[in-house]
Novice: 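Attaching a single structure in structure tokens format; questions to follow.
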Amino acid sequence: MNDHAATGAAVDDSTVVLGIETSCDETAVACVRGGREVLSSVVSSQVDLHARYGGVVPEIASRAHNELIIPVLARAMLEAGLDGEDVDAVAATTGPGLIGALLVGVSAAKALALAWDVPFVSVNHLEAHLYAGFLEDPDLQFPMVVLLVSGGHTLLVHVTDHGRYRLLGQTLDDAAGEAFDKVARFLGLGYPGGPAIDSVAMSGDPEAIRFPRSMIDDGLDLSFSGLKTAVVNHVRANPQVATEDVAASFQQAVVDVLVAKARRAAESTGAVALALGGGVAANSLLREQFLGACAEDGLHAFLPSRELCTDNAAMIASTGWYRLRRDGATPLDCGADPNERLAPSS
Amino acid sequence: MLILGIETATTQVGCAIGGHEGVLASVHAAKGRRHAEYLVPSIEFACERARVELSEIGVVAVDVGPGLFTGLRVGVATAKSLAFALRVPMIGVSSLDLLAFRVRFSSRLIVTTVDARRGELYYACYRQVPGGVQRVTDHRIGTPDDLASELLASGDEVLLVGEGAQRYPEAFDGLAKVELVDTGDSYPSAEALVELAHARALREQFERSDAIEPIYLRRPDAEINWAVRDGR
Ligand SMILES: [Zn+2]
């Protein structure tokens with residue numbers, strides 16, 4: 001067996017981790033030194049393959065990952081100027097995500113770790129989104145609250161230290177990104193819905209329609225399916241309504257809820273910092289209002305650049321570095337878990 | 001030249017190491033299905049058993065199907081990544097070719113089958129040629145009854161092998177010229193893969209890792225539904 005698996009080799013600022021991410025529809029490989037220094041980060045998006053279906057098709061995603069994994073890997077190593085001997089550990093997303101897609105990245109990562117005789121590290125995709133903010137901001141502060149919003153997830157997490165998480169709240173139905181996709185599809189704006197609504201909303205009036213802010217004063221859980229229904233009903237009742245105004249008003253309702261919940265979560269836990277992560281964190285209005293809220297409440301704001309909000313492997317490699325330092329290597333008989341949760345509460 | 005063979009096209013998981021001395025070690029999990037969990041530790045174990053360092057491997061061979069999609073992707077992704085890291089060439093072999101290789105001494109028409117689920121089989125036909133067998137049809141997918149009618153129409157003496165056909169013996173019951181055999185080798189095996197790949201390696205029939213992809217034979221359901229809706 002791999003020696004590293006038992007001992008957990010020394011992990012320091014010179015340790016290079018190669019990260020692999022294939023949980024959904026991005027095939028991504030990155031090389032990160034010391035958990036922070038991004039040497040390369042290559043993301044190959046399959047968005048065009050899935051666009052006509054209005055969402056990610058698991059079998060198509062799995063096939064594409066299998067075709068793209070080696071070219072993306074080769075490019076990430078070339079851009080970083082690394083050979084196999086320079087890689088000290090290989091990390092991969094083991095969940096949550098699409099099982100067939102995850103297995104491609106996990107299989108590749110374990111094979112590389114075996115061939116290069118270095119540790120393999122399993123990384124939780126949600127944990128990695130939390131770490132995305134740290135990659136660009138060295139001023140790490142605990143305790144913090146992370147608002148994680150993507151097409152698959154909407155969660156509020158209390159983070160008291162590396163690897164110490166507590167789930168504060170989550171969506172009870174649709175993820176925020178899912179609501180963007182569904183509303184965009186209904187409005188005929190195409191896929192993916194987030195960027196489509198973001199750009200159309202720029203020329204709309206966010207106050208034009210008062211859509212419901214579901215559960216806004218009510219705990220830390222969230223709900224978006226009522227909002228989606230309200231949009232559909234409003235457009236059916238008012239066929240002449242301007243799409244720009246619907247998009248802007250819908251987006252405003254989502255952002256109002258997300259920001260209000262994040263602020264309340266920070267206040268109730270005594271957090272000193274607030275972080276945003278996940279694909280929906282690329283939304284212009286959310287970014288603007290998130291920063292405004294942090295400034296008003298005196299919270300340190302972690303706001304990753306747009307490239308690090310959406311799925312990427314730099315966040316996987318970075319998380320892998322912290323995880324390797326904390327827990328050592330993951331055994332090579334590890335598989336993938338489509339429903340993998342964040343580490344249990346602490 | 002040492003060859004590592006990886007076989008994950010069915011519910012089984014296997015790997016083997018060998019070369020001109022034959023197969024040095026093989027590891028095989030019969031009720032696998034957990035391909036991703038078993039495969040890499042199996043390769044480690046096979047190396048130990050063969051007293052070989054992974055760095056001594058000169059070719060990575062992989063069963064590219066047809067077979068179980070998830071298993072195939074685990075095997076192909078693992079094999080391609082190993083070949084990339086070790087900087088060695090690859091050889092992709094079809095699961096149906098592997099089954100035929102095991103019965104290559106028969107002079108009958110050889111028909112090999114792998115279970116395709118949903119009541120269908122993957123199959124292909126082979127003829128003996130000097131030094132082995134040659135595939136004389138494409139890889140196909142169809143119901144056991146489709147295959148039975150094809151075999152009846154051919155009029156050939158047929159040796160029918162593979163776990164695919166063995167799941168549906170009743171479909172071939174009435175065919176006088178067709179013998180459905182249980183050779184004990186009804187699954188593609190990693191040992192056969194290493195032997196067959198060795199023969200190809202001697203002829204330098206290598207492939208680049210980016211040219212190796214699973215043989216699916218079925219389009220994704222979403223694509224089929226789309227085409228139907230769209231009249232394509
Ligand atoms: Zn994500």
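Naming: A, B, ... by sequence-line order, numbering from 1 per chain.
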Novice: Any side-chain to backbone donor/acceptor pair from B:Lys80 onto A:Glu67? Under 3.5 Å, distance only.
Specialist: no
Novice: Hey, could you give me the OG1/CD1 distance between B:Thr70 and A:Ile99, rounded to the nearest 0.5 Å?
Specialist: 8.0 Å
Novice: About how many Å separate OG of B:Ser81 and CH2 of A:Trp116, when rounded to the nearest 0.5 Å?
Specialist: 8.5 Å
Novice: With a 4.5 angstrom heavy-atom cut-off, could you sort out which part of A:Val57 is near chain B: side chain, backbone, both or neither?
Specialist: side chain
Novice: Look only at the side chain of A:Lys110 and the backbone of B:Pro41, and say whether a donor-acceptor pair between them is shorter than 3.5 Å.
Specialist: no
Novice: Taking side chain as everything from C-beta outward and backbone as N, CA, C, O, which of these in B:Thr78 sits under 4.5 Å from a heavy atom of chain A? Side chain, backbone, both or neither.
Specialist: both
Novice: Output the option from B:Val74, B:Ile212, B:Ile57 having the highest count of non-hydrogen pairs under 4.5 Å with chain A.
Specialist: B:Val74
Novice: Could you walk me through whether B:Glu223 and A:Ile60 satisfy the side chain to side chain contact (heavy atoms under 4.5 Å, CB included) test, starting with their C-alpha distance in whole Å, then the side-chain angles of each, then the deciding distance to 0.1 Å, before giving a yes or no?
Specialist: CA-CA 9 Å; B:Glu223 230 175 79; A:Ile60 292 175; 4.1 Å; yes
Novice: Please report the interatomic distance SG(B:Cys47) to CG(A:Leu114), rounded to the nearest 0.5 Å.
Specialist: 7.0 Å
Novice: For the CG atom of A:Leu103 and the NE2 atom of B:His35, what is their distance to the nearest 0.5 Å?
Specialist: 10.0 Å
Novice: Please name the pair of heavy atoms, one in B:Glu213 and one in A:Asn66, separated by the smallest distance, quoted to 0.1 Å.
Specialist: OE2-O, 3.3 Å
Novice: Taking it one step at a time, do B:Phe84 and A:Leu112 satisfy side chain to side chain contact (heavy atoms under 4.5 Å, CB included)?
Specialist: CA-CA 8 Å; B:Phe84 173 84; A:Leu112 294 174; 4.2 Å; yes
Novice: Name the region of B:Phe45, side chain, backbone, both or neither, that has any atom closer than 4.5 Å to a heavy atom of chain A.
Specialist: neither
Novice: Taking the side chain as everything from C-beta on, heavy atoms only, tell me whether A:Ser107 gets closer than 4.5 Å to B:Leu39.
Specialist: no
Novice: Would you say A:Arg185 has more than 12 foreign heavy atoms packed within less than 6.0 Å of its CZ?
Specialist: no
Novice: Under a 4.5 Å heavy-atom cut-off, does chain A meet the side chain of B:Leu82, its backbone, both or neither?
Specialist: both
Novice: Verify side chain to side chain contact (heavy atoms under 4.5 Å, CB included) between A:Glu59 and B:Asp221, making sure each step is shown before the conclusion.
Specialist: CA-CA 8 Å; A:Glu59 178 60 22; B:Asp221 289 342; over 6 Å; no
Novice: Could you check whether any side-chain heavy atom of A:Arg63 comes within less than 4.5 Å of a side-chain heavy atom of B:Arg73, counting everything from C-beta outward?
Specialist: yes
Novice: Step through the shown structure and confirm whether more than 12 heavy atoms of other residues, nucleotides or ligands are within 6.0 Å of CD on B:Gln205.
Specialist: yes
Novice: Does atom CD of A:Glu85 have more than 12 heavy-atom neighbours, drawn from other residues, nucleotides or ligands, at distances under 6.0 Å?
Specialist: yes
Novice: I'd like to verify something: which residue of A:Ala74, A:Ala336, A:Gly100 has the highest number of heavy-atom pairs under 4.5 Å with chain B?
Specialist: A:Ala74
Novice: Locate the shortest heavy-atom distance separating A:Asp83 from B:Arg87; write the atom from each residue and the value.
Specialist: OD1-NH2, 3.4 Å
